[in-house]
Amino acid sequence: QVQLVESGGGSVQAGGSLRLSCAASGNTFDNYCMAWIRPAPGKAREGVAFINPGGGSPYYAASVKGRFTISLDNAKNTLYLQMNRLKPEDTAMYYCAASYSPAASRCAGLYIPAFPYWGQGTQVTVSS
C-alpha cells in the first residue's frame, strides 16, 4: 500500500509560481510510475506530468511543457511539481498518483484511471 500526501497548493496571480510536493510512503520511486494529474475541461482527467521509475524520462502535457517541471527526491521520498508562469487555465485540484510499474519505459502511456494510488489533492487557483 502506497500513501501519498500532497501539499503546496494556493492562490497566485497569473505569471506567478508554485511548487507542489507529494510525500510518498516507503521506497516508492524505484518501482513506481509517478504522475501529477488534474481535471480538464472535456476530459475526465489530464496527465500534467509523468516520471519513470527511478526518476528518468519526464513527460509533460503540451499545455504545461516549458512551464512545469516534475522531479523527485529519493532521500525525502517526495515528488515535486514546480509550476512557473502560471495561467488562469491552470486552476484545478492537482493530484499525485502512483502505479507499480518497475519495467516501465514510458509512464505517460499508462491509462490514468488505472493508477491505483492517489493523494487527496491540493488546490491551485490562478487569478488573472
Derivation and outcome, side chain to side chain contact (heavy atoms under 4.5 Å, CB included), residues Arg38 and Ser63: CA-CA 12 Å; Arg38 68 186 183 188; Ser63 57; 3.4 Å; yes

Does the Ser25 side chain pair with the main chain of Gln3, one donor and one acceptor, at a distance under 3.5 Å?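 Looks like yes, one N/O pair under 3.5 Å.
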
Does Arg85 reach the main-chain N or O of Gly66 with its side chain, forming a donor-acceptor pair under 3.5 Å?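 Between the backbone of Gly66 and the side chain of Arg85 there is a qualifying donor-acceptor contact (under 3.5 Å).
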
Using the rule that Ile, Leu, Val, Met, Phe, Trp and Tyr join whenever any side-chain heavy atoms are under 4.5 Å apart, tell me whether [X] and [Y] fall into a single cluster.
X     : Y      : result
Leu20 : Ile37  : no
Phe50 : Leu110 : yes
Tyr80 : Leu4   : no
Val48 : Met34  : yes
Leu18 : Tyr60  : yes

Considering non-hydrogen atoms only, spot the tightest contact between [X] and [Y] and give its length.
X      : Y      : result
Ser17  : Asn84  : OG-OD1, 3.0 Å
Pro88  : Ser128 : CG-CB, 3.9 Å
Cys33  : Ser101 : SG-CB, 3.8 Å
Phe115 : Ala98  : CD2-C, 3.5 Å
Trp36  : Ile70  : CD1-CD1, 3.7 Å

Derivation of the side-chain hydrogen bond (donor to acceptor under 3.5 Å, both in side chains) call for Gln82 and Ser71: CA-CA 8 Å; Gln82 178 66 43; Ser71 63; over 6 Å; no

Does a side chain donor of either Asp73 or Thr78 reach within less than 3.5 Å of an acceptor in the other side chain?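 No, Thr78 and Asp73 have no side-chain donor paired with an acceptor closer than 3.5 Å.
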
Stepwise side chain to side chain contact (heavy atoms under 4.5 Å, CB included) check, Ser57 with Asn52: CA-CA 6 Å; Ser57 303; Asn52 280 7; 3.5 Å; yes

How many angstroms lie between [atom1] in [X] and [atom2] in [Y], if you round to the nearest 0.5 Å?
X      : Y      : atom1 : atom2 : result
Ile112 : Ser99  : CD1   : OG    : 11.5 Å
Cys96  : Gln120 : SG    : CD    : 9.5 Å
Thr125 : Met93  : OG1   : CE    : 9.0 Å
Tyr94  : Gln123 : OH    : CD    : 9.0 Å

Out of the candidates Tyr117, Phe29, Tyr32, only one should pair with Tyr100 under the ring pair (Phe, Tyr, Trp, His ring centres under 6.0 Å) rule; please name it.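 Among the candidates, only Tyr32 passes.
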
For a 4.5 angstrom cut-off between non-hydrogen side-chain atoms, does [X] reach [Y]?
X     : Y     : result
Phe68 : Asp90 : yes
Ser21 : Ser7  : yes
Thr69 : Leu81 : no

Begin with the C-alpha distance, continue with both residues' side-chain angles, and end with the deciding distance and a verdict on side chain to side chain contact (heavy atoms under 4.5 Å, CB included) for Val124 and Thr91. CA-CA 5 Å; Val124 172; Thr91 294; 5.8 Å; no

Side chain to side chain contact (heavy atoms under 4.5 Å, CB included) between Tyr95 and Glu6, worked out: CA-CA 7 Å; Tyr95 297 90; Glu6 302 98 331; 4.0 Å; yes

